[in-house]
Amino acid sequence: GEGTVACWASDLVPPGGRHSNDHLNYRDILIVPPADELNCEARPYLPLKSKENRIIEDEVSYLVDRNFRLLREDVLKSMISSLEDRRRPWLNARIIGMDFSKGQNAMSFLVQVDRHQQRKKIDWKKTRALGSQTIVAFVDGDGKVVRTGVISISNHEERKGAKNDWLNHPAGPIIGVTIEDNVAFNEALAEAAANKLLLKAYNR
């Protein structure tokens, strides 16, 4: 006979209120999950095959909504799995400045991390680490996600007349990160300002 699929009571709860990125309209959902979504322990709203928790009547709109949510959940699970694994995390991420080279409306936060303790120089052309358009999560000492973003600048080229910079910086790789979530963006701005004052006072 056919197997029975269990339906939890939480599966019937419509989207909205679980975290800041839990919306009824899928078009309002940010592609990059904000910190509170990654930290959320509540079961997400996912359309069931049985359609018991259907929230959209129009068939075409329902299918678009369903496919978007299910595909995004697959990506989210993969990201959470990577965060839990934490085999080779980049440590001590700090905002050291801002970059406007891609336009006033495409500001990137310059983030520097400590170098991995290894002898060989990283071949940035071959490695997948810190690649452009990669989603990154900033995690505190307790394993809680505090901020997420997308790598917008990942430069390993050594320009003529320039010292090693960006990914090859002697103090640790530097990347550009864009932040979509408004709360996280404002927090990053405040951190950048505080770090700037700290560095200014330290270098007196």
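Just so you know, these numbers use all the heavy atoms, side chains as well, and skip hydrogens, waters and symmetry mates.
- In this structure, the separation between CZ on Arg72 and CG on Leu46 is 10.5 Å, given to the nearest 0.5 Å.
- Residue Pro89 comes nearest to His116 through the heavy atom pair O-NE2, 3.2 Å, listed as atom of the first residue, atom of the second, then distance.
- With respect to Glu59 and Arg54, a salt bridge is recorded, a charged nitrogen being found less than 4.0 Å from a carboxylate O.
- Evaluation of the ring pair (Phe, Tyr, Trp, His ring centres under 6.0 Å) rule for Trp124 yields no partner, not counting sequence neighbours.
- Salt-bridge formation is detected for the pair Arg94/Asp114: a Lys NZ or Arg NE/NH1/NH2 atom is positioned less than 4.0 Å from an Asp or Glu carboxylate oxygen.
- Looking at residues two or more places apart in sequence or on another chain, you find no side-chain hydrogen bond (donor to acceptor under 3.5 Å, both in side chains) involving Asp140.
- Listed for the Asn25 side chain is a donor-acceptor partner under 3.5 Å among the backbone atoms of Arg27.
- Classified by interplanar angle (parallel below 30°, tilted 30° to 60°, perpendicular above 60°), the ring pair Phe185/Phe109 is perpendicular.
- With hydrogens and angles left out, the side-chain atoms of Ser152 and Thr178 include no donor and acceptor closer than 3.5 Å.
- If you chain together ILVMFWY residues whose side-chain heavy atoms come under 4.5 Å of each other, Val32 ends up grouped with Leu38, Leu76, Met79, Ile80, Leu83, Ile135, Val139, Val145, Val150.
- Closest of all the heavy-atom pairs between Tyr62 and Leu48 is OH-O, 3.6 Å.
- Nearest approach of Ala35 to Arg147, heavy atoms of both residues: CB-N, 3.8 Å.
- Between Trp166 and Asp99, the shortest heavy-atom contact is CH2-OD2, 4.3 Å.
- Arg115 and Pro170 make their closest contact through CD-O, 3.3 Å (heavy atoms, listed as atom of the first residue, atom of the second, distance).
- One distance of note links CZ of Arg69 with OH of Tyr26; it measures 9.5 Å at 0.5 Å rounding.
- Across all their heavy atoms, Gly176 and Leu110 have their closest contact at CA-CD2, 4.3 Å.
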